[in-house]
There are 2 protein chains.
Amino acid sequence: MCEKFNCCTEKRLRECFGHAGGRLTGPRRAMVDFFHMEKGHFTAEEVFEKLSEKYPGIGVATVYRTLSAMADFGILKRFDFGKGKVKYELSDGHEGVRHHHHLVCSACGKILEYDDFMDEEKAFFNKIKKTLSTRYNFLIKGHSLHFYGFCQKCQKEYEKAK
Amino acid sequence: MCEKFNCCTEKRLRECFGHAGGRLTGPRRAMVDFFHMEKGHFTAEEVFEKLSEKYPGIGVATVYRTLSAMADFGILKRFDFGKGKVKYELSDGHEGVRHHHHLVCSACGKILEYDDFMDEEKAFFNKIKKTLSTRYNFLIKGHSLHFYGFCQKCQKEYEKAK
DNA sequence: ATACTATTGATAATGAATATCAATAAGAGG
DNA sequence: CCTCTTATTGATATTCATTATCAATAGTAT
């Protein structure tokens with residue numbers, strides 16, 4: 001249960017789901033657990049399939065709904081790499097999750113994480129954010145950065161195709 | 001016609017569409033023209049609607065196909081801001097198009113462009129790219145950066161909702 | 001334990017994007 | 001300029017991720 005990780009206390013979860021009488025149900029606890037156990041990024045479909053083993057009978061609709069709620073509240077981060085399916089992952093600040101960015105393979109869809117330059121990136125983005133906020137009158141809540149190209153496996157095929 | 005802009009010569013277009021007997025057709029010319037006249041980012045649906053006025057009878061399928069081809073070849077840039085619809089815009093290097101990034105409003109979907117820090121950003125990204133390429137054995141072809149949050153109009157409603 | 005009602009899960013519906021295919025038109029060769 | 005080959009078009013059907021519907025179920029306040 002999430003209480004084991006002191007990043008998501010029951011209190012925090014009730015806050016997430018509980019605006020105006022929300023309930024901390026079995027499926028919701030299972031979803032939270034899932035993302036704390038399995039590290040990485042998953043599509044709704046993947047969550048549904050993997051979770052079905054541990055929590056048989058859960059419905060797709062519930063998975064989609066809960067993912068949305070968790071992402072809206074900030075427990076999950078939503079990614080869209082342009083492959084038609086949205087991916088979710090535990091957001092920064094959770095136990096064992098460091099701020100990171102992604103390398104996305106345009107051929108096979110594989111996603112690598114990196115956090116090599118996070119200090120520099122943070123400094124860089126913070127500076128930019130501050131200026132853009134005032135200059136464009138835009139309240140910045142976050143950013144999304146990823147590099148796309150070809151992973152090791154797909155590079156040869158790309159060279160051939162070209 | 002695109003010949004007017006010396007960024008997209010007929011030769012270049014034939015190269016784009018013409019791998020192995022490709023043809024430079026009316027609809028394709030119309031699509032290229034469209035993106036050179038109308039600056040900005042458009043969904044396939046928007047291109048279809050706006051283009052239908054100037055080029056009646058064009059089909060949705062053709063629009064989708066041509067957008068894909070142009071993006072694959074590099075004339076267009078593909079964006080996915082996670083609103084379920086893909087957007088396209090003329091890529092850098094075309095007449096009047098400077099490298100830029102985007103501010104995306106999570107509420108109304110409005111997109112602002114900025115190119116305030118491009119020199120710094122370029123330097124920063126080039127440095128990162130170089131290191132990541134070798135360290136992760138990843139052939140980097142490009143990057144995507146955008147900031148999301150709330151535009152001026154939507155900020156008040158956001159404050160209320162919170 | 002009881003009652004109230006938010007949530008669930010099965011299923012239908014939506015909507016963007018893709019596949020199908022007969023009709024059309026680009027462009028090579030005569 | 002005309003003919004022929006075939007890539008492309010556009011109408012339409014189809015796919016597939018995500019959302020809406022709604023009766024049944026299960027939190028939780030009393």
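Here is the naming used below: chain letters follow the sequence lines, and residue numbers restart at 1 for every chain. Hydrogens, waters and symmetry mates are skipped; everything else that's a heavy atom, side chains included, is used.
- Annotation: ring-ring contact (aromatic ring centres under 6.0 Å, His included) contacts involving residues 46-77 of chain A, sequence neighbours excluded, are absent.
- With sequence neighbours excluded, the residues satisfying salt bridge (Lys or Arg N to Asp or Glu O under 4.0 Å) with B/E120 are A/K127.
- Of the options A/K39, A/H100, A/H94, a side chain to side chain donor-acceptor pair (under 3.5 Å) to A/E89 is made by A/H100 and by none of the others.
- A/A71 meets the side-chain contact (heavy atoms from CB on, under 4.5 Å) test with A/L76, A/R78, A/Y88; sequence neighbours excluded.
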Residues 104-115 of chain A side chain polar contacts: donor-acceptor under 3.5 Å, at least two apart:
unit_1 : atom_1 : unit_2 : atom_2 : d
A/S106 : OG     : A/G149 : O      : 3.4
A/E113 : OE2    : A/H41  : NE2    : 3.3
A/Y114 : OH     : A/E121 : OE2    : 3.0
A/D115 : OD2    : A/R98  : NE     : 3.4

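- Using a 4.0 Å cut-off between a side-chain N of Lys or Arg and a carboxylate O of Asp or Glu, B/K11 and B/E15 do not qualify as a salt bridge.
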Notebook entry, point to check: Could you run down nucleotides 22-30 of chain C 5' to 3' and tag each one B, S or - for protein heavy-atom contact under 4.0 Å?
Noted result: ---BBS---

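- Remark: A/E49 engages no residue in a salt bridge (Lys or Arg N to Asp or Glu O under 4.0 Å) (not counting sequence neighbours).
- With D/dT9, C/dG9, C/dT8 as the candidates, the nucleotide lying closest to the side chain of B/P27 is D/dT9.
- Regarding A/Y88, its OH atom lies at a distance of 14 Å from the P atom of D/dA17, rounded to whole Å.
- D/dA26 atom P lies 18 Å from atom CZ of A/F17, rounded to whole Å.
- Across residues 41-49 of chain B, not one residue has a non-hydrogen atom less than 4.0 Å from an atom of DNA chain C.
- Pairs passing the salt bridge (Lys or Arg N to Asp or Glu O under 4.0 Å) check and including a residue from residues 128-140 of chain A, sequence neighbours excluded, read A/R135-B/D116.
- Of the residues in residues 59-81 of chain A, those with a non-hydrogen atom less than 4.0 angstrom from any atom of DNA chain D are A/A61, A/Y64, A/R65.
- Each of A/R29, A/R23, A/R28 was scored for a side chain to side chain contact (heavy atoms under 4.5 Å, CB included) with A/F17, with one residue passing: A/R28.
- Computed from coordinates, the A/K83 NZ to D/dT18 P distance equals 15 Å when rounded to whole Å.
- Computed from coordinates, the B/K85 NZ to C/dT14 C1' distance equals 12 Å when rounded to whole Å.
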Checklist line | Dot-bracket pairing map - DNA chain D, Watson-Crick plus G-U, both contacts under 3.5 Å, | cross-strand | finding: ||||||||||||||||||||||||||||||

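- The two residues A/V97 and A/L90 have their closest heavy-atom pair at CG1-O, 3.7 Å.
- A salt bridge links A/K77 with A/D92: the distance from a Lys NZ or Arg NE/NH1/NH2 to an Asp or Glu carboxylate oxygen falls below 4.0 Å.
- Nucleotides of DNA chain C nearest to A/Y55 and B/V86 differ in position, and the one nearer the 5' end is that of A/Y55.
- For A/K87, there are no salt bridge (Lys or Arg N to Asp or Glu O under 4.0 Å) partners two or more places apart in sequence or in a different chain.
- Annotation: ring pair (Phe, Tyr, Trp, His ring centres under 6.0 Å) contacts of B/H99 (sequence neighbours excluded): B/H101, B/H143.
- Put simply, A/R28 has a side-chain N or O that comes within less than 4.0 Å of OP1 or OP2 on C/dT8.
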